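Read the structure below first, then the notes.
By convention in this document, chain letters (A, B, ...) are assigned in the order of the sequence lines, proteins followed by strands, and residues within each chain are numbered from 1. None of the values given here were measured: they were computed from a predicted structure.
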Protein chains: 2
Amino acid sequence: MTTAPDPRRRNEKSHRAIVTAALDLCVERGYGQVTMEAIAAQAGVSKKTIYRWWPSKGAVVLEGIAELVGEVTPFLDTGDIVADLTTQLTAVLDHMMTGPRSAVYAGVIAESHHDRELVGALSAMVGPRIEAARERLRRAREQGQLAADADVDLIIDLLYGPLYYRLLLHLEPYSPERIRMVIERTLAVFAPPAE
Amino acid sequence: MTTAPDPRRRNEKSHRAIVTAALDLCVERGYGQVTMEAIAAQAGVSKKTIYRWWPSKGAVVLEGIAELVGEVTPFLDTGDIVADLTTQLTAVLDHMMTGPRSAVYAGVIAESHHDRELVGALSAMVGPRIEAARERLRRAREQGQLAADADVDLIIDLLYGPLYYRLLLHLEPYSPERIRMVIERTLAVFAPPAE
DNA sequence: AGTTCAACGACACGACACGTGTCGTGTTTT
DNA sequence: AAAACACGACACGTGTCGTGTCGTTGAACT
């Protein structure tokens, strides 16, 4: 039962340095090779300081990820569900599944299967985004852009599933054209009946 | 450059004990908490013996997984593509994504993002199965059960993507009814044009 | 402006798992 | 019968873990 530290007295400079160092090291040598010692060294910080504020390595990296995720475009509502999904999924693809950062994101998801605490943190991050997608799709359904009986959760699985599947099984990520095709094809199944 | 050991002289009893112990420990405490020391202890075997035959912890567990995977029904061809896909995907779901074993499989996929060797081993396991699915779908297309321009690879992504997505992101796995719905809906997109 | 007090960096510690090496024993091949 | 080799037991050095101690520093209250 270590008493909780006082957030007001937290050194923001160290805070930033730690998160940045963690992310940089992940990109540089891969998540699995990153150690707390290395993060502390690179950030010019004592290990003790890291453990004071985060429970595990995964938690540190997750905070970095959360910032990256924050850059992802929030769900738009231009009235055109296909266009909005394309915008969103393309952004997700660009920010999380392409380039060196993809390894970082994949690494955290991976680590969550070893680290019980990370499961919660990850869910807290992913959950609201799924909810946002659900929301947006429901609205589209109400506006008649999808069939009245369209299964919103199923649509989400069909759209996001392949993205994560390819990321986590080391398959080539989708190109922007391909992601458009997935959206187009998937939504076609749930299109409203032609009159 | 350690010289390769002679497989003919391998102690099959130890071999079995090691793989079994590795799998049991994975189920019991989760992949991340399993150590080579623990496997050796539980199997009643020297660490040296494990390292003689496997390069890493992941490789040991992977052999166990490969056995479990071997139990999965190979792709049938009854002439009905929907029925065959249902059989196959349900088997995959049952064997790999449900019950305590799911954590083992997820753990190995996870670890592959930390362990370069595991990527190859995993690909060697998954690759042929993807190829089999591709093969089967191509045949269905030739037989007119799918549209002539159906994108076989895309179909595979749409079918397997959601399964892995839910497994790896800690979401509830599909029920058999739900997996049937995925198949039905996905194939509907690529149905041959009505005449 | 002065006092207080917790966060900080530096450093040391024991515990544990890693991968390797050595050695004597027992079994299998030749 | 002899040689070759896998085996279990055990020890080693290394690296990382998470924690503990201690003196210093700097922000928050009086």
Q) Under 4.0 Å between a side-chain N or O of Ser14(B) and OP1 or OP2 of dG8(D)? A) yes

Q) Does a side-chain N or O from Ser46(A) land closer than 4.0 Å to OP1 or OP2 of dC8(C), or not? A) no

Q.
So, taking the atom named OG in Ser46(A) and the one named CZ in Arg52(A), what distance separates them when rounded to the nearest 0.5 Å?
A. 7.5 Å

Rounded to the Å, how far apart are [X] [atom1] and [N] [atom2]?
| X | N | atom1 | atom2 | answer |
| --- | --- | --- | --- | --- |
| His15(A) | dA6(C) | NE2 | P | 21 Å |
| Trp54(A) | dT19(D) | CH2 | C1' | 18 Å |
| Lys13(B) | dC7(D) | NZ | C1' | 13 Å |
| Ile50(A) | dT19(D) | CD1 | C1' | 14 Å |

Is any side-chain N of the basic residue among [X] and [Y] closer than 4.0 Å to the acidic one's carboxylate O?
| X | Y | result |
| --- | --- | --- |
| Glu37(B) | Lys47(B) | yes |
| Glu142(A) | Arg139(A) | no |
| Arg101(A) | Asp94(A) | no |
| Arg178(A) | Asp151(B) | yes |
| Arg136(A) | Glu131(A) | no |

Q: Could you check whether the rings of Tyr165(B) and Tyr164(A) sit parallel, tilted or perpendicular, using 30° and 60° as the cut-offs?
A: tilted

I'd like a table of atom pairs between the protein and nucleotides 15-18 of chain C - only N or O on both sides, under 3.5 Å - with the distance next to each one.
from    : atom 1 : to       : atom 2 : distance (Å)
dC18(C) : OP1    : Met36(B) : N      : 3.1
dC18(C) : OP2    : Met36(B) : N      : 2.9
dC18(C) : OP2    : Glu37(B) : N      : 3.1

Q: Verify side-chain contact (heavy atoms from CB on, under 4.5 Å) between Arg10(A) and Glu12(A), making sure each step is shown before the conclusion.
A: CA-CA 6 Å; Arg10(A) 184 168 194 174; Glu12(A) 265 321 302; 4.2 Å; yes

(Q) Ignoring hydrogens, what is the shortest heavy-atom contact between Gln42(B) and Ala21(B)? Give both atom names and the distance. (A) CG-CB, 3.5 Å

Q) Looking only at heavy atoms, which two atoms of His170(A) and Leu122(B) are closest? And how far apart? A) CD2-CD2, 4.4 Å

Under-3.5 Å N/O pairs linking protein and nucleotides 28-30 of chain D:
from    : atom 1 : to      : atom 2 : distance (Å)
dC29(D) : OP1    : Arg8(A) : NH1    : 2.9

Q.
Let me spell it out: for each of Lys48(B) and Asp6(A), pick the nucleotide of DNA chain C with the closest heavy atom. Which residue's pick is nearer the 5' end?
A. Asp6(A)

Q: Let me have DNA chain C in dot-bracket notation, would you? Count Watson-Crick plus G-U wobble pairs, both distances under 3.5 Å, and use [ ] for pairs crossing earlier ones and | for inter-strand partners.
A: ||||||||||||||||||||||||||||||

Q) Looking at dA6(C), dC7(D), dG9(C), which one has an atom nearest to any side-chain atom of Arg52(B)? A) dC7(D)

Q | Proximity to the side chain of Pro5(B) - top-ranked nucleotide from dA6(D), dT20(C), dA7(C) | A | dA6(D)

Q: Go through the steps to decide whether His15(A) and Trp53(A) satisfy the test side-chain contact (heavy atoms from CB on, under 4.5 Å), and finish with yes or no.
A: CA-CA 9 Å; His15(A) 185 171; Trp53(A) 301 104; over 6 Å; no

